Amino acid sequence: MKSEVIVEEGFVYKDETHLTVSKTTLFFAGDGYTAYDCKGELVFRVDSYGDSGELVLMDASGRCLLTVRRKRPSLHQRWEGFVGERMEGEKPIFSVRRSSIIGRCNVEVEVYTNPVEEYQIEGSFANRQCTIFNAEKEIVAEIRRKVDASTNVILGKDVFLLSVKPGFDGAFSMGLVLVLDQIDGDDLPDEDEGGDHGMDVEPTHEN
């Protein structure tokens with residue numbers, strides 16, 4: 001697979017890299033995340049900007065790498081990503097779109113390079129089982145449940161693995177996690193409705 005730099009070259013890894021992602025606030029979707037490498041060192045952290053609805057992805061030192069926000073108005077829940085801190089009038093570097101509003105859906109990603117790059121996300125983020133494909137149907141990143149190595153027990157959904165394939169941008173992958181988490185939060189039912197919830201991303205190719 002060719003090297004795909006979207007946010008920052010420093011997060012394009014030569015080897016497959018597994019990041020442990022943890023929710024730092026458990027009450028609302030997207031309020032905070034941290035991501036650690038296999039050595040236990042902080043790689044990314046995420047903060048939200050209050051009522052602005054913007055989420056900011058930072059490196060371990062607190063430097064802003066990426067800002068994501070929901071585009072309004074938007075019929076199909078379109079999210080946009082901006083390099084660094086978003087400035088007024090700045091154009092996004094990528095957008096993420098749901099192709100349906102109710103029920104199962106597809107999630108499509110467009111990166112505004114020249115030419116435009118397209119990605120597809122398949123699986124269920126609610127169950128922490130997602131695969132990100134490029135236009136050639138190559139796997140570039142995966143989201144999976146994390147298993148405690150000492151007890152062989154599957155951890156809760158607030159701790160999961162983000163596996164980034166060699167040559168793919170880990171910061172961009174983490175940005176997509178933020179968007180998927182926000183979409184999943186949008187799908188939560190009211191407390192009195194009960195029942196299952198969460199975003200299922202319907203496969204678009206034959207297994």
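Just so it is clear, the structure is predicted and the values come from calculations on it, not from any experiment. Note that these values count all heavy atoms, side chains included, but never hydrogens, waters or copies made by symmetry.
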Next item on the list: Test Ile93 against Val111 for side chain to side chain contact (heavy atoms under 4.5 Å, CB included), laying out the working first.
Entry: CA-CA 6 Å; Ile93 60 165; Val111 179; 5.6 Å; no
Notebook entry, point to check: Any donor-acceptor pair under 3.5 Å linking the side chain of Ser150 with the backbone of Asp148?
Noted result: no
Item checked: Identified ring pair (Phe, Tyr, Trp, His ring centres under 6.0 Å) counterpart of Phe94 within the set Phe172, Tyr112, Trp79 -> Phe172
Checklist line | Contact check, side chains of Phe133 and Val140, non-hydrogen atoms, under 4.5 Å | finding: no
Item checked: Student check: side-chain heavy atoms of Lys23 and Asp181 closer than 4.5 Å -> yes
Notebook entry, point to check: Heavy-atom distance under 4.5 Å between the side chains of Glu117 and Glu110, does that happen here?
Noted result: no
Check: Under a 4.5 Å cut-off applied to non-hydrogen side-chain atoms, are Val107 and Phe125 in contact?
Finding: no
Next item on the list: Please tell me if the side chains of Leu162 and Tyr33 come closer than 4.5 Å, counting only heavy atoms from C-beta onward.
Entry: no
Notebook entry, point to check: Considering only heavy atoms from C-beta outward, does the side chain of Val46 approach that of Val177 to under 4.5 Å?
Noted result: no
Item checked: Short side-chain donor-acceptor distance under 3.5 Å, Thr131 and Arg144 -> yes
Notebook entry, point to check: Are the side chains of Val21 and Met174 in touch, meaning some heavy atoms are under 4.5 Å apart?
Noted result: yes
Check: Just checking, any donor-acceptor pair under 3.5 angstrom between side chains of Thr20 and Lys146?
Finding: yes
Show the atom names and distances, to 0.1 Å, of all donor-acceptor pairs under 3.5 Å that link a side chain in residues 34-42 to residues at least two apart or in another chain.
unit_1, atom_1, unit_2, atom_2, d
Asp37, OD1, Lys39, N, 3.0
Asp37, OD1, Gly40, N, 3.1
Asp37, OD1, Glu41, N, 2.9

Note to self: Test your reading of the model: is there a side-chain donor-acceptor pair from Arg128 to the backbone of Lys157, 3.5 Å cut-off?
What the structure shows: yes
Check: Using 30° and 60° as the class limits, which term best fits the ring planes of Phe11 and Phe44: parallel, tilted or perpendicular?
Finding: tilted
Note to self: Using a 3.5 Å distance criterion without hydrogens, assess whether the side chain of Asp169 forms a donor-acceptor pair with backbone atoms of Glu8.
What the structure shows: yes
Note to self: The criterion is side-chain contact (heavy atoms from CB on, under 4.5 Å); which residues satisfy it with Glu16, sequence neighbours excluded?
What the structure shows: His18, Ser163, Lys165, Pro166
